[in-house]
Amino acid sequence: MTWEVGGGRFPFRALAEGGGAQARRFTVVRKNLGSPEQAVEPVENRELLWEPPPVLEAERAPRTDWAVFAAAATLTLAFVVWGAVSDESLASVAGSLLSGLMRYGGWVFVLTASVFVVFALWLALSRYGRIPLGREGEAPRYTTVSWIAMMFATGMGIGLMFYGVAEPLAHYVTPPPGTAGGDDAQRALTAMATTLFHWTLYPWAIYAVVGLAIAYTTFRRGRSQLISAAFIPLIGEKAANGPIGKTIDVIAVLATLFGSACSLGLGALQIGGGLQSLGWAEETTIGLLLLVIAVIMACYLVSAVSGIARGIKWLSNTNMVMAVVLLVFVLVTGPTVYILNLIPSSVAAYFQDFFQLAGRTEATGASGTGEWLSTWTVFYWAWWISWTPFVGLFIAKISRGRTIREFVTGVILVPSVVSLVWFSVFGGTAISLQASGVDLAGTGEIEEQFYGMLQYFPWSTAVSVLVALLVAIFFITGADSASIVMGTLTQRGADQPRVPMTVLWGLLIAAVAAIMLLVGEGGSTAIDGLQNITILGAAPWLVVMVMLCVALLKGLRRDPAAMRARRARELVHEAVVTGARTYEEGFRLSVAPAGSEVPPPRGSSTRSRGEAPHDAGAGGSGQRGDPPRT
């Protein structure tokens with residue numbers, strides 16, 4: 001008996017033999033590729049055996065995409081000129097647009113952020129989790145320690161320093177709408193749960209979605225490191241290389257620009273606050289902030305020119321060591337027992353309040369919820385989303401050789417645990433001081449509260465200098481990574497963009513950060529200016545991210561490893577069904593080499609249990625005439 005597997009579209013034949021006391025055998029034979037009928041190899045088979053080319057598209061010499069560069073640079077310069085000429089007008093327009101966006105679209109940020117979390121976790125747990133981000137058996141490019149250090153420093157280093165004390169303290173002093181009430185312990189747990197919600201699972205899952213799409217497209221499919229290249233499975237190569245793809249890349253550049261500039265603005269504010277706390281500056285003026293940006297800009301441009309393997313890697317490892325030293329110092333010299341008790345309690349409170357936090361919108365009815373969301377949750381989601389082209393592409397660059405499951409687990413789990421410990425130590429210490437009668441929340445602006453807390457520790461001046469240096473290095477790491485990524489996006493996805501392009505984008509990031517601070521007048525409202533423009537810049541990119549999830553899923557379904565596994569399951573299933581229906585006794589499966597002669601099944605004229613012959617097509621049910629499933 002002979003059954004064609006796959007209806008001739010998949011080059012295998014299923015042969016079964018048996019009879020009497022002889023051993024039964026079911027053989028799968030690949031057709032001879034040299035035969036005339038196989039002169040043109042079927043497309044499906046080529047896809048099953050496909051491997052990335054020896055030289056990836058991203059490894060080719062950089063070539064500037066003048067359409068993407070001109071559009072992104074023109075819009076950026078227009079924003080800079082507008083802010084420099086009339087920052088009041090820019091602030092007014094941004095405020096009006098933000099008000100409408102929050103009223104009619106705030107729920108979109110809340111809902112889609114949860115969708116990204118579910119999507120990333122599902123990919124890690126699904127059968128796609130075994131797919132490597134590179135060639136089969138390829139080893140990771142960086143060690144796990146360096147990988148985590150670079151990922152963490154780039155992903156949210158400045159934010160952890162800026163909000164490590166400020167956010168838990170703010171939620172403790174002024175609980176989120178609808179959560180007021182309870183004793184000090186309950187308010188502390190609510191503050192920690194809210195903070196962890198903003199800084200653990202959600203941001204890193206959002207990063208993982210874009211990073212995974214780029215890493216898969218680049219290292220698994222051999223395409224360029226452009227966001228538009230990840231859309232090829234959805235819109236086709238022609239559209240991805242045409243106006244639609246270039247529009248996607250321009251949006252990615254602008255989102256990266258504003259997200260990075262926001263972080264740099266926050267870093268400048270905290271460094272300025274540190275200089276004021278140390279007595280090295282009378283007040284944090286806009287002139288001081290611009291000077292800080294200029295000095296740090298010179299440093300990160302030097303680092304960016306040196307590349308990832310040297311500058312960014314060295315700075316990230318240095319930062320990690322300094323951050324651990326600071327963390328251990330505060331843990332040991334601070335309220336150690338309170339902090340250790342707070343960690344498990346905060347985790348429990350986080351999971352207990354998770355769904356309420358994930359679904360909080362203006363519909364909850366609590367007074368001030370809309371304004372609170374725009375200041376905290378929606379701002380964070382917009383900030384993370386605006387950072388995804390930058391952080392996602394950077395994480396993709398350093399994740400070659402890892403599997404999807406390893407990528408998602410590393411990107412989500414490890415930084416989330418570090419954030420838990422970080423906020424428990426610094427936020428818990430601040431809450432403990434506030435509860436003991438120290439008015440830490442009222443000692444200064446939000447950027448000064450970290451330094452204010454350190455005044456109650458030994459060697460406060462030296463530790464404050466360490467904090468300012470740590471913020472500066474986080475500042476440099478984030479900025480030089482962003483400038484390299486923006487160079488990549490405007491030079492056709494080249495892994496190593498040219499130095500002049502990297503320097504140009506580094507200068508523009510600094511200019512936009514300065515304008516965003518000017519919009520907020522450089523004082524207490526500077527943070528509002530940073531937040532407002534960041535949310536507006538992230539809105540169009542949110543739509544792109546949703547489409548990117550669809551494109552990634554469609555691409556994974558056509559991955560060679562996934563297709564081979566799916567086809568193997570179908571073949572083995574049909575072979576077993578056919579063998580079981582054909583023979584009363586046992587049978588076995590084997591694979592014969594190409595071109596081998598397989599004897600016809602013995603006793604083929606005798607059918608077991610009076611059954612008729614069955615087609616064993618790849619997608620058939622075993623009944624004659626069933627069409628194969630593709």
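All residue numbers in this chain count up from 1 along the given sequence.
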Decide if the gap between the ring center of F258 and the ring center of F79 is smaller than 6.0 angstrom.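 For F258 and F79, the ring centres are under 6.0 Å apart.
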
Can you give the donor-acceptor pairs under 3.5 Å from side chains of residues 121-128 to other protein atoms, not counting sequence neighbours?
from: S126; atom 1: OG; to: W122; atom 2: O; distance (Å): 3.3
from: S126; atom 1: OG; to: L123; atom 2: O; distance (Å): 3.0
from: S126; atom 1: OG; to: Y128; atom 2: N; distance (Å): 3.2

Please check if the number of heavy atoms outside R569 that lie under 6.0 Å from its CZ is greater than 12. yes

Drop me the distance from [X]'s [atom1] to [Y]'s [atom2], to the nearest 0.5 angstrom.
X	Y	atom1	atom2	answer
F407	L212	CZ	CG	5.5 Å
H198	S419	NE2	OG	13.0 Å
F119	L548	CZ	CG	8.0 Å
I395	L393	CD1	CG	10.0 Å

With under 30° as parallel and over 60° as perpendicular, where do the rings of [X] and [Y] fit, or are they tilted in between?
X	Y	answer
Y350	F354	perpendicular
W422	F426	tilted
W199	Y380	perpendicular

Paired with F197, the ring pair (Phe, Tyr, Trp, His ring centres under 6.0 Å) test is passed by just one of W381, F351, F355, namely W381

Side chain to side chain donor-acceptor pair (under 3.5 Å), that's the test. Do Q225 and T488 meet it? Break it down for me. CA-CA 7 Å; Q225 292 186 96; T488 294; 5.2 Å; no

Decide whether W505 and T490 meet the rule of one side-chain donor and one side-chain acceptor closer than 3.5 Å.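 Their side chains do contain a donor-acceptor pair, which is all the 3.5 Å distance test asks for.
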
Exercise: do Y142 and S399 side chains pair donor with acceptor under 3.5 Å: no

Any sub-3.5 Å donor-acceptor pair from W376's side-chain atoms to T195's backbone N or O?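 Answer holds: no.
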
Under 3.5 Å: donor-acceptor pair, side chain of R498, backbone of P62: yes

What's the shortest heavy-atom distance between T74 and A70, and which atoms?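 Where T74 meets A70 most closely, the heavy atoms are OG1-O, 2.6 Å.
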
Is there any side chain to side chain donor-acceptor pair (under 3.5 Å) pair reaching into residues 538-553, and which pairs are they, with sequence neighbours excluded?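 Sorted pair list: T388-W541.
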
I'd like a table of donor-acceptor pairs (distance under 3.5 Å, sequence neighbours excluded) in which one partner is a side-chain atom from residues 237-246, with atom names and distances.
from: N241; atom 1: ND2; to: E237; atom 2: O; distance (Å): 3.2
from: K246; atom 1: NZ; to: D65; atom 2: OD1; distance (Å): 3.4
from: K246; atom 1: NZ; to: D65; atom 2: OD2; distance (Å): 2.8

W147 ring centre to R402 NZ or CZ under 6.0 Å, with the angle to the axis within 45°? yes

